Amino acid sequence: MIATIGILTWLVAAAGGSFEPENDPLTRPIITSNSAEWIEPRPPEKLFGNSYLVGFGGLSVALIDTGDGLILVDGALPQSASAILANVRTLGFRPEDIKYILSTEPHADHAGGIAALARDTGATVVASVRGAEALRSGGPAADDPQRAYDMRFPPVARVRTMSDGETLRLGKTVVTAHATPGHTMGSMSWSWSACEAKRCRTIVFASSLNPVSADGYRYTAPASAPIVAGFAQSYRTMDALACDILIAAHPSNAGGEGARFNARPGACRAYADRSRRALAERLAKEGASTPP
């Protein structure tokens, strides 16, 4: 999510400089008013069974050990790619064993590092059809509520697409794609089962559902009707999902009271409810009468 972001600024490498992130076009830092908080270092953490968190204080990145290769979910900012891979190594895994990188949304804070991660691991990037279009272009779609922000990020040349309800199988793991449009029309959430001994839990990595926008955007405008309908679809999806553990694209949105995830009953429904209320307030503020 890009909220109160100001204008994104690509740092220009100093002439003759040797600082690798600035010299590498795929990891050149994106600096925003929130970026330091977003990528505040966190140690990697086992979530449950074969699933781990390898992200940051303000951006979630998940790792799944399928027994036949690894799956990464999201890529944070470009400058955080090396830290993600370092966290993978700290857990005892090899980055070159990452076979897939799943994208939740084509915004710089979640997809900015994907191009570098795909290059450095050889992994296949997977996204929704609309998400893939934006990833390939390196920027948000024309109908994105945050389009007016300067949110360019390194484009991803090759992206495999998945549709709502489609599954990705690798080793012992089956990951299901769940279309969750609204924040972007290409947003996708992902779920899988993780087991320890005889106990299994369904983990949901949810895309952002925050109804934020650039200045001047109106959710009540006729052109925004598909966006509002997309949010309504996403609420129905999140309400119906089996969801024992919720990972939100931004940890603070998971409702886990300071934790990086939420394992309380009803976490996904509560996640949708918070967005419902926020969108209703936004529509009311704009003068709408019938929120989804």
Side-chain angles (χ1 to χ4, degrees), residues 1-9 30 32-35 37-38 58-60 103-112 127-131 133-135 137 139-153 164 178-189 204 206-241 246 248-255 262 266-292:
M1 178 188 67
I2 308 291
T4 60
I5 192 173
I7 297 178
L8 291 174
T9 304
I30 292 176
T32 79
S33 60
N34 299 316
S35 56
E37 176 186 354
W38 282 341
L59 294 173
S60 296
S103 173
T104 61
E105 69 189 56
H107 279 167
D109 48 343
H110 306 288
S128 70
V129 173
R130 288 291 309 276
E133 292 171 357
L135 289 177
S137 72
D143 60 356
D144 192 314
Q146 300 178 61
R147 170 79 175 186
Y149 289 129
D150 181 9
M151 296 189 298
R152 302 297 301 174
F153 55 87
D164 183 34
H178 305 280
T180 42
H183 186 74
T184 81
M185 290 304 283
S187 293
M188 188 76 86
S189 297
V204 175
S207 67
S208 293
L209 289 182
N210 199 343
V212 295
S213 70
D215 292 342
Y217 182 89
R218 292 183 60 83
Y219 280 98
T220 52
S224 301
I227 303 291
V228 175
F231 274 114
Q233 174 189 332
S234 295
Y235 302 152
R236 292 191 295 270
T237 296
M238 296 303 293
D239 286 344
L241 276 180
L246 169 66
H250 288 275
S252 60
N253 291 338
N262 189 342
C268 282
R269 291 191 298 275
Y271 185 63
D273 282 342
R274 285 190 292 275
S275 178
R276 274 192 186 96
R277 291 192 296 270
L279 182 58
E281 290 172 3
R282 175 66 183 263
L283 292 172
K285 185 177 180 179
E286 293 182 13
S289 58
T290 311

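We're numbering straight along the sequence, starting at 1. The shown structure was predicted, so the numbers you read here are calculated from the model rather than taken from an experiment.
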Side chain to side chain donor-acceptor pair (under 3.5 Å), paired with T180, selected from S275, S128, S207: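 Per the side chain to side chain donor-acceptor pair (under 3.5 Å) rule, the option paired with T180 is S207, out of S275, S128, S207.
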Electrostatic pair D239-R236, nearest N-O below 4.0 angstrom: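 R236 and D239: not salt-bridged.
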Salt-bridge contact E281-R277 (side-chain N to carboxylate O under 4.0 Å):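 A salt bridge is absent here (no side-chain N lies under 4.0 Å from a carboxylate O).
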Partner residues of A141 under the side chain to side chain contact (heavy atoms under 4.5 Å, CB included) criterion, sequence neighbours left out: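 Partners of A141 by the side chain to side chain contact (heavy atoms under 4.5 Å, CB included) criterion, ordered by chain and then number, come out as R130, D143.
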Side chain to side chain contact (heavy atoms under 4.5 Å, CB included) evaluation trace for Q146 with H107: CA-CA 9 Å; Q146 300 178 61; H107 279 167; 3.2 Å; yes
Can you tell if the side chain of [X] reaches within under 4.5 Å of the side chain of [Y], non-hydrogen atoms only?
{"X": "I227", "Y": "Y217", "answer": "yes"}
{"X": "Y149", "Y": "P140", "answer": "no"}
{"X": "Y235", "Y": "D273", "answer": "no"}
{"X": "T104", "Y": "M188", "answer": "no"}
{"X": "S187", "Y": "P181", "answer": "no"}

More than 12 heavy atoms from other groups under 6.0 Å of CZ on R269: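 Incorrect, the count does not exceed 12.
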Exercise: identify the closest heavy-atom pair between R274 and N253: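 Closest approach of R274 to N253, heavy atoms only: NH2-O, 3.0 Å.
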Donor on one side chain, acceptor on other, D144 and H183, under 3.5 Å: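 There is no such pair (donor and acceptor under 3.5 Å, judged by atom type) between the side chains of D144 and H183.
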